Protein chains: 2
Amino acid sequence: MNTLFDDIGEPLARRVGGGLAKIAMVMRHQAWAQGGAHGLTPTQAQVLTLLRGRGALRLSAIADELAITAPTASDAVAALRRKALVEKRRAAEDRRAVAISLTPSGIEAASGLTEWPDVLRAAIEDLSPDEQALLLKMLTKMIRTLQVQGAIPVQRMCAGCRHFRPNVHDDADTPHHCAFVNAAFGNRHLRLDCGDFEAADAAISAANWRQFLSPHRSQENEK
Amino acid sequence: MNTLFDDIGEPLARRVGGGLAKIAMVMRHQAWAQGGAHGLTPTQAQVLTLLRGRGALRLSAIADELAITAPTASDAVAALRRKALVEKRRAAEDRRAVAISLTPSGIEAASGLTEWPDVLRAAIEDLSPDEQALLLKMLTKMIRTLQVQGAIPVQRMCAGCRHFRPNVHDDADTPHHCAFVNAAFGNRHLRLDCGDFEAADAAISAANWRQFLSPHRSQENEK
DNA sequence: GAAAATCATTTAGGACTCCTTATCATTATG
DNA sequence: CATAATGATAAGGAGTCCTAAATGATTTTC
């Protein structure tokens with residue numbers, strides 16, 4: 001079982017990390033190229049995309065979501081305000097805070113951003129649908145781990161959602177269930193940013209997670 | 001077969017891309033945090049790591065590998081030279097070019113960089129070994145696609161190497177073969193940066209690739 | 001209910017990243 | 001040999017990203 005290759009070279013996890021780093025490099029490069037066409041930097045484009053999906057946000061929320069410090073976020077937002085793509089208003093509930101939202105031209109700019117750089121899309125679509133579904137599941141796992149570790153803020157994803165019922169159906173194609181829309185779905189449908197997300201409490205979330213990881217519905221089934 | 005979820009929301013490839021983007025975000029954030037401890041920026045750390053693995057390089061080679069422009073690479077190298085971590089020498093063969101190499105303190109700094117940020121390593125190691133092997137295979141595919149498209153320079157990876165013989169063994173655990181070390185290996189052993197890499201010519205590379213993608217050794221076996 | 005602590009954000013300042021365009025040397029090429 | 005093409009750098013500008021130190025606004029505490 002063990003081969004020559006198991007004992008030499010870098011450990012598997014490190015090689016996987018190296019591969020992810022290369023993908024990340026391409027994404028960063030693409031982000032510059034794509035944003036440049038619209039006169040936007042990667043960070044600015046990210047802010048726009050974030051606001052498009054989430055509506056008005058605090059500065060601190062933007063900083064958290066993008067894993068940057070508040071001053072950096074403030075810089076980026078100021079640049080966008082200069083370009084009249086966002087506007088700042090004092091928040092009603094907490095008048096220390098500001099609510100940042102897209103202007104009409106910001107909405108337009110953000111929608112133009114949706115188009116993905118072809119190179120990366122091609123690389124993803126080169127994988128079979130099954131592989132893509134599997135990859136999505138693995139990414140979900142990794143992101144969940146990062147979230148639990150506190151490396152990124154809570155994501156609005158199926159894992160961690162109150163409505164998520166992993167591996168409750170016998171159909172191998174669509175084993176999961178979403179209680180919100182009351183429908184079965186599969187790994188290929190897993191979401192990383194769902195508008196209907198509601199955080200589950202810790203105990204449920206942890207139980208769900210175990211259920212998601214190991215599809216063996218041993219005890220449950222016998223009842 | 002088709003469910004409600006297939007018709008609403010973003011397409012699978014886009015969600016996968018979104019997941020990769022989140023991972024990329026974490027990596028960038030970690031790169032700042034890790035480099036900061038050594039007084040290095042992410043780009044500088046990348047240059048150091050690259051030189052550690054590859055020895056002396058031209059400036060243009062560094063720029064290509066990191067997917068940045070020559071001026072940017074020049075900036076980063078100049079910053080490293082100021083810190084006495086690299087040295088520049090005119091190349092012997094082409095006196096327009098410079099050969100950039102690590103100084104003793106550069107070697108030391110580069111080896112300190114090897115330690116990965118725990119958060120991401122944990123996220124990868126949270127996947128089962130089988131999943132990691134599968135992920136590595138998918139990353140290999142994606143990187144190969146990017147390489148064929150010209151988005152990144154030729155990588156010194158198994159896919160594309162003269163010594164690679166994909167799916168020639170019946171053993172499901174180690175189906176591939178490396179003619180250089182003359183040993184069987186599996187997906188979990190795939191390399192993205194191998195010192196023994198030698199580029200295969202286009203025809204062989206393409207044939208290998210098809211063989212790698214579809215493990216059905218139909219015709220070959222009957223001979 | 002005024003002083004103190006806390007919070008959300010901004011300023012200030014510095015090192016770099018990244019780009020485009022332009023300028024040198026040096027090889028190639030016709 | 002004169003005209004490309006190439007490898008690297010300079011100049012210049014917008015922006016990223018950080019830490020540390022202000023501002024205001026809002027709670028807390030005595």
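Note on naming: letters A, B, ... go to the chains in the order of the sequence lines (proteins, then strands), and numbering restarts at 1 for each one. Since we're looking at a predicted model, the values are computed, not measured.
A close approach under 4.0 Å does not occur between any side-chain nitrogen or oxygen of Arg90(B) and OP1 or OP2 of dA25(C). Proximity of Thr43(A) to the phosphate of dC17(D): a side-chain N or O atom is located under 4.0 Å from OP1 or OP2. At dA8(C), none of the side-chain N or O atoms of Ser60(A) fall inside 4.0 Å of OP1 or OP2 (strictly under the cut-off). Side-chain nitrogen and oxygen atoms of Lys88(B) include none within less than 4.0 Å of the OP1 or OP2 phosphate oxygen of dA8(D). Phosphate contact (OP1/OP2 of dC19(C), side-chain N/O of Thr69(B), threshold under 4.0 Å): present. For dC18(D), one of the phosphate oxygens OP1 or OP2 lies less than 4.0 angstrom from a side-chain nitrogen or oxygen of Thr72(A). Contact between the side-chain N/O atoms of Gln44(A) and the OP1/OP2 oxygens of dA14(D) is not found at any separation under 4.0 Å. At the phosphate of dC18(C), OP1 or OP2 sits under 4.0 Å from a side-chain N or O atom of Arg28(A).
Atom CG in Leu40(A) sits roughly 21 Å away from atom P in dG13(D) (whole-Å rounding). Here the P atom of nucleotide dC17(D) and the CD1 atom of Ile62(A) are 14 Å apart, to the nearest Å. For the pair Ile68(A) CD1 and dT19(D) P, the interatomic distance rounds to 13 Å; values are reported in whole Å. Atom-to-atom, CZ of Arg89(A) to P of dT9(C) comes out at 15 Å; the value is rounded to the nearest Å. In this structure, Trp32(B) atom CH2 and dT16(D) atom P are separated by 12 Å, rounded to whole Å. Per the geometry, CG belonging to Asp64(B) stands 13 Å off P belonging to dT6(D), to the nearest Å. Atom P of nucleotide dC17(D) and atom CE of Met25(B) are separated by 11 Å, given to the nearest angstrom. Counting to the nearest Å, the C1' atom of dA11(D) and the CG atom of Asp75(B) are 11 Å from each other.
The 5' end of DNA chain D is approached more closely, in terms of each residue's nearest nucleotide, by Lys83(A) than by the other of Arg95(A) and Lys83(A). In this structure, Arg58(B) and Ala67(A) both approach DNA chain D, and ranking their closest nucleotides by distance from the 5' end singles out Arg58(B). Along DNA chain C, the nucleotide nearest Ser74(A) and the nucleotide nearest Glu93(B) are compared for position; the residue whose nucleotide lies closer to the 5' end is Ser74(A).
Nucleic acid contact class of Ala78(B) (heavy atoms, under 4.0 Å, all strands): none. Within 4.0 Å (heavy atoms only), Pro42(B) reaches no atom of the nucleic acid at all.
The main-chain N or O of Ala84(B) is found under 3.5 Å from a side-chain atom of Thr103(B) such that the two form a donor-acceptor pair.
Considering every non-hydrogen atom in both Val77(B) and Lys88(B), the closest pair reads CG1-CD, 3.8 Å.
For a distance-only test at 3.5 Å, the side chain of Arg96(A) fails to qualify as a donor-acceptor partner of the base of dT26(D).
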Trace of the salt bridge (Lys or Arg N to Asp or Glu O under 4.0 Å) decision for Glu65(A) with Arg54(A) = CA-CA 11 Å; Glu65(A) 290 290 336; Arg54(A) 304 276 285 273; 3.4 Å; yes

Check the pair Ser205(B), Arg144(B) against side-chain hydrogen bond (donor to acceptor under 3.5 Å, both in side chains), reporting the backbone distance first and the verdict last.
-> CA-CA 11 Å; Ser205(B) 181; Arg144(B) 144 98 191 187; 3.2 Å; yes

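Ring geometry for Phe212(B) versus His176(B): interplanar angle over 60°, hence perpendicular rather than tilted (30 to 60°).
The nucleotide whose nearest atom lies closest to any side-chain atom of Asp94(A) is, among dT10(C), dT20(C), dT26(D), dT26(D). Residue Pro71(B) has its side chain nearest to dA10(D) when only dT9(C), dA20(D), dA10(D) are considered.
Taking the charged nitrogens against the carboxylate oxygens, Glu131(B) and Lys137(A) have no contact shorter than 4.0 Å, which rules out a salt bridge.
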